[in-house]
Amino acid sequence: MNERNCLQKIRNLGVRLQELELVQLEPGKSYAATALNFLFADHGAKRPAGAPLDHTLRALGEAIVANRKVRFSTLDPDSVIDFFCRFYRVH
């Protein structure tokens, strides 16, 4: 999946999180940034500052593997996005 599609899915996830009242969009923040901040905080991980999207999603994948005891040793960025889109029922 290209970066534009990844960002669109993350944005949609942010919108869904706001609909579920799990996050509130802060002035000047994007839905994508809000979603990523929520997901990292929810998994007790620190979001890498200034890192490319690919690296950020890989770090989130490591947090998923550690916290949720999934049967995979690593998750690629596309799998991370798909995991949360299924979990929060984002289309």
Side-chain angles (χ1 to χ4, degrees):
M1 179 180 328
N2 66 34
E3 189 168 328
R4 187 173 142 238
N5 289 340
C6 285
L7 286 171
Q8 182 62 44
K9 282 190 166 194
I10 296 168
R11 182 199 176 282
N12 293 345
L13 182 59
V15 170
R16 178 68 175 148
L17 291 172
Q18 186 174 22
E19 289 171 354
L20 294 172
E21 297 180 357
L22 295 173
V23 298
Q24 191 159 24
L25 195 64
E26 297 176 22
K29 294 278 186 173
S30 69
Y31 282 107
T34 300
L36 287 172
N37 289 339
F38 170 80
L39 296 172
F40 272 98
D42 192 45
H43 286 83
K46 186 176 179 192
R47 181 176 172 192
L53 182 60
D54 184 67
H55 179 73
T56 301
L57 292 174
R58 287 186 192 280
L60 188 53
E62 291 171 8
I64 293 168
V65 169
N67 292 333
R68 297 202 183 238
K69 307 298 182 205
V70 294
R71 56 189 162 134
F72 305 105
S73 59
T74 60
L75 293 173
D76 65 33
D78 293 341
S79 298
V80 171
I81 293 171
D82 290 340
F83 174 83
F84 287 113
C85 285
R86 281 192 309 270
F87 188 78
Y88 290 106
R89 298 176 188 211
V90 176
H91 302 284

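Legend: residues meeting salt bridge (Lys or Arg N to Asp or Glu O under 4.0 Å) with Arg16, ordered by chain and number and at least two apart, are Glu19. Asp82 meets the salt bridge (Lys or Arg N to Asp or Glu O under 4.0 Å) test with Lys9; sequence neighbours excluded. Glu3 meets the side chain to side chain donor-acceptor pair (under 3.5 Å) test with no other residue; sequence neighbours excluded. Under the side-chain contact (heavy atoms from CB on, under 4.5 Å) criterion, Glu62 pairs with no residue, sequence neighbours left out. Partners of Asp76 under the side chain to side chain donor-acceptor pair (under 3.5 Å) rule, at least two apart in sequence or in another chain, are Ser79.
Distance check: Gln24 CD to Leu17 CG gives 13.0 Å after rounding to the nearest 0.5 Å.
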- Message: Apply side chain to side chain contact (heavy atoms under 4.5 Å, CB included) to residues Ile10 and Phe84 and explain how you reach the verdict.
- Response: CA-CA 9 Å; Ile10 296 168; Phe84 287 113; over 6 Å; no
Got a list of side-chain donor-acceptor pairs under 3.5 Å for residues 52-61, not counting sequence neighbours?
from  : atom 1 : to    : atom 2 : distance (Å)
Asp54 : OD2    : Arg58 : NE     : 3.2
Thr56 : OG1    : Pro52 : O      : 3.1

Would you mind writing out the side-chain donor-acceptor pairs for residues 34-43 within the sub-3.5 Å range, not counting sequence neighbours?
from  : atom 1 : to    : atom 2 : distance (Å)
Thr34 : OG1    : Ser30 : O      : 2.8
Asn37 : OD1    : Arg47 : NH1    : 2.8
Asn37 : ND2    : Ala33 : O      : 3.2
His43 : ND1    : Leu39 : O      : 3.0
His43 : NE2    : Arg68 : NE     : 3.1

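Residue Phe83 is grouped with residue Ile81 when hydrophobic side chains (ILVMFWY) are merged at heavy-atom distances under 4.5 angstrom, including chains of intermediate members. Cluster annotation: Val80 is connected to Phe87 through the hydrophobic network of ILVMFWY side chains, with a link wherever side-chain heavy atoms come within less than 4.5 Å. In terms of hydrophobic clustering, with Ile, Leu, Val, Met, Phe, Trp and Tyr side chains grouped at heavy-atom distances under 4.5 Å, Leu75 and Tyr88 are assigned to a common cluster. Two different hydrophobic clusters hold Leu25 and Val90 under the rule that ILVMFWY side chains link at heavy-atom gaps under 4.5 Å.
Counting heavy atoms from C-beta on, the side chains of Leu13 and Tyr31 never come closer than 4.5 Å.
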